[in-house]
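To find a chain, count down the sequence lines: A is the first, B the second, and so on, and within it residues start at 1. When reading the values below, keep in mind they use all heavy atoms of this one structure, side chains included, and skip hydrogens, waters and symmetry mates. Here the structure is a predicted model, which is why all the values come from computation and not from measurement.
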Number of protein chains: 2
Amino acid sequence: MNNINILFNLNTDSASKIYKKGTILQRAGDPSSHLYYVKKGLLKSYTIDKKGKEHIFMFAPEGWLMSDIESQEFNKEAVLFFECLEDSDLIKISKEQSTRDDLSKEQYLHMSSLLLRRVGVLQRRIIMLMSASAKERYEHFLETYPELPNRLPQRLIASYLGITPEALSKIRGEMLREK
Amino acid sequence: MNNINILFNLNTDSASKIYKKGTILQRAGDPSSHLYYVKKGLLKSYTIDKKGKEHIFMFAPEGWLMSDIESQEFNKEAVLFFECLEDSDLIKISKEQSTRDDLSKEQYLHMSSLLLRRVGVLQRRIIMLMSASAKERYEHFLETYPELPNRLPQRLIASYLGITPEALSKIRGEMLREK
DNA sequence: CGCATTTCTTAATCTAGATTAATGCACAGC
DNA sequence: GCTGTGCATTAATCTAGATTAAGAAATGCG
């Protein structure tokens, strides 16, 4: 049994299922109802702003949990879209399963540890968005997630960084020339 | 006993102490060692970038917990400064107290709930930074924290929003004229 | 009280990154 | 094998917000 089964009292692999690349698991505006644990594959979560532009909130490769905690926590409809970037093997976890309050001490410890880690990552992201240039954010992304760039189109990396594909392309051009 | 005492097994008010406005509780670069619970008063946490510019990560008014989870979680030196914006009555909580693993189920439940809330708030902040204009972020700030603006200089609000005081002043001017 | 320091505002100029547009490529579907 | 659609790159232009500068208002302090 893997960690996530332990965490949510799931029985072995009952809920694991393969979703095709391009599958949209959740749409903004839907009632936000599930989390997804990625056994294999890659997901993105994103918002679409009022001009129709997509902004990546996060990627979830193997071992990550994809969730829309803002909407769950504030009881509003989903604010994020979830989509498979590759054929993905996922465990779908209902809101009820994830918010049950009859977990064991070990489970709570594990849950707290996951959440603390998440807060730490989000803190860094905010600080980078506020204080670093696009190029610095790109370099930080490459260092932090070295295995992701070769699984992602530039477009999506740019969106994660909060810039346009054109701006990222320019930065990459500069970095090549500098070397 | 208040919630935070319950959460961290603290005995009543032993650790509560008044700190003067302007006191720096933690400096970036120090070993990150404590959290602070705000009984009364107001704190800010911030980074200073390589150009010497300050960027507010968050404000902590009454009832909030100020922490530098990134540095605690990744075991590095503090990345944030903590400073009192008003004379503040604070409970200082050591890393050991906050990470002990012998909490009760109720305590873990409370802790998870706090962390989920925090993740939700940070998610919104990131989405706003990536997808909304300075003016939209300002309006969102006013709606979300209506009691803060009259306790804060514009400068710090601007820093929290990720813009300069000049840009915020311009936005405020526009909003006044529009009304 | 009076002086110094910080805060806020307005305005002129500058710049990182957005927008628009055009070109070449890769590859999916027929 | 062709043809359309999306992706990456480059370049020209535009713009939100930064920077710089200066004056007015507020605040702290001896």
K.L.:
Establish, yes or no, whether a centroid distance under 6.0 Å links the rings of B/Phe59 and B/Tyr145.
P.N.:
no
K.L.:
Where does DNA chain D form stems of at least three consecutive Watson-Crick or G-U wobble pairs, each pair having both distances below 3.5 Å?
P.N.:
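Result, WC/G-U stems under 3.5 Å: C:1-30 with D:1-30.
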K.L.:
With a cut-off of less than 4.0 Å, is there a side-chain N or O of B/Thr164 near OP1 or OP2 of D/dA18?
P.N.:
yes
K.L.:
Atom CG of A/Leu161 and atom C1' of C/dG17: how far apart are they, to the nearest Å?
P.N.:
13 Å
K.L.:
Can you confirm whether A/Arg117 is buried at CZ, in the sense that more than 12 heavy atoms of other residues, nucleotides or ligands lie under 6.0 Å from that atom?
P.N.:
yes
K.L.:
Check for me whether B/Arg125 meets the cation-pi criterion with B/Tyr160, that is, NZ or CZ under 6.0 Å from the six-membered ring centre and within 45 degrees of the ring axis.
P.N.:
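Yes, B/Arg125 lies over the aromatic ring of B/Tyr160.
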K.L.:
Measure the shortest side-chain to side-chain distance between A/Tyr36 and A/His34 over non-hydrogen atoms and say whether it is less than 4.5 angstrom.
P.N.:
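Result yes, sub-4.5 Å side-chain heavy-atom pair found.
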K.L.:
Yes or no on salt bridge (charged side-chain N to carboxylate O under 4.0 Å, His left out) for A/Glu86 and A/Lys21, after CA distance, side-chain angles and deciding distance?
P.N.:
CA-CA 4 Å; A/Glu86 302 172 354; A/Lys21 175 175 172 171; over 6 Å; no
K.L.:
Taking CG from B/Leu168 and C1' from C/dC8, how many angstroms apart are they, rounded to a whole number?
P.N.:
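One finds 10 Å between C1' of C/dC8 and CG of B/Leu168, rounded.
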K.L.:
In whole Å, I'd like the distance from the NZ atom of A/Lys51 to the C1' atom of D/dT15.
P.N.:
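Between C1' of D/dT15 and NZ of A/Lys51: 10 Å.
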K.L.:
On the nucleotide D/dA8, are OP1 or OP2 found under 4.0 Å from the side-chain N or O atoms that A/Arg172 carries?
P.N.:
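Looking at the OP1 and OP2 atoms of D/dA8, neither is under 4.0 Å from any side-chain N or O of A/Arg172.
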K.L.:
Contact list please: residues 142-157 of chain B against DNA chain D, heavy atoms, distance less than 4.0 Å, in numerical order.
P.N.:
none
K.L.:
Contacts to DNA chain D from residues 125-134 of chain B, heavy-atom cutoff under 4.0 Å, which residues?
P.N.:
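Close to the strand are B/Ser133, B/Ala134.
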K.L.:
Are the side chain of A/Asp30 and the backbone of A/Ala78 linked by a donor-acceptor contact shorter than 3.5 Å?
P.N.:
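Not a single qualifying donor-acceptor pair exists.
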K.L.:
NZ of B/Lys135 versus C1' of D/dT15: gap in Å, rounded?
P.N.:
16 Å
K.L.:
What is the separation between atom NE2 on A/His55 and atom C1' on C/dA18, rounded to the nearest whole Å?
P.N.:
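About 12 Å, once rounded to whole Å.
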K.L.:
If you find the nucleotide of DNA chain D closest to B/Ile163 and the one closest to B/Lys21, which residue's nucleotide is nearer the 5' end?
P.N.:
B/Ile163
K.L.:
Please report the distance, rounded to the nearest Å, between CD1 in A/Ile171 and C1' in C/dA16.
P.N.:
9 Å
K.L.:
Look only at the side chain of A/Asp87 and the backbone of A/Ile18, and say whether a donor-acceptor pair between them is shorter than 3.5 Å.
P.N.:
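Absent.
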K.L.:
Salt bridge or not between A/Lys39 and A/Glu62? Use side-chain N to carboxylate O under 4.0 Å.
P.N.:
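Answer for the salt bridge query: no.
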K.L.:
Any Lys/Arg nitrogen of A/Arg124 or B/Glu70 sitting under 4.0 Å from an Asp/Glu carboxylate oxygen of the other?
P.N.:
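Answer for the salt bridge query: yes.
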K.L.:
Report which part of the nucleic acid A/Lys53 touches: base, sugar-phosphate, or nothing (heavy-atom distance under 4.0 Å, all strands).
P.N.:
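Sugar-phosphate, backbone atoms only, no base.
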K.L.:
What's the closest nucleotide to the B/Ala167 side chain, out of D/dA18, D/dT10, D/dA21?
P.N.:
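Out of D/dA18, D/dT10, D/dA21, the nucleotide with an atom closest to B/Ala167's side chain is D/dA18.
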K.L.:
What is the separation between atom CD on B/Glu166 and atom C1' on C/dT13, rounded to the nearest whole Å?
P.N.:
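About 13 Å, once rounded to whole Å.
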K.L.:
Using distance alone, with no hydrogens and no angle criterion, decide if A/Tyr46 and A/Glu83 have a side-chain donor and acceptor under 3.5 Å apart.
P.N.:
yes
K.L.:
Let me know the distance between NZ of B/Lys170 and P of D/dG17, rounded to the nearest Å.
P.N.:
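Taking NZ of B/Lys170 and P of D/dG17, I get 9 Å after rounding.
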K.L.:
Might you work through the salt bridge (charged side-chain N to carboxylate O under 4.0 Å, His left out) test for B/Glu143 and B/Arg137, ending with a clear yes or no?
P.N.:
CA-CA 10 Å; B/Glu143 283 164 28; B/Arg137 298 203 299 279; over 6 Å; no
K.L.:
Closer than 4.0 angstrom, basic N to acidic O: yes or no for B/Lys44 and B/Glu54?
P.N.:
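Answer for the salt bridge query: yes.
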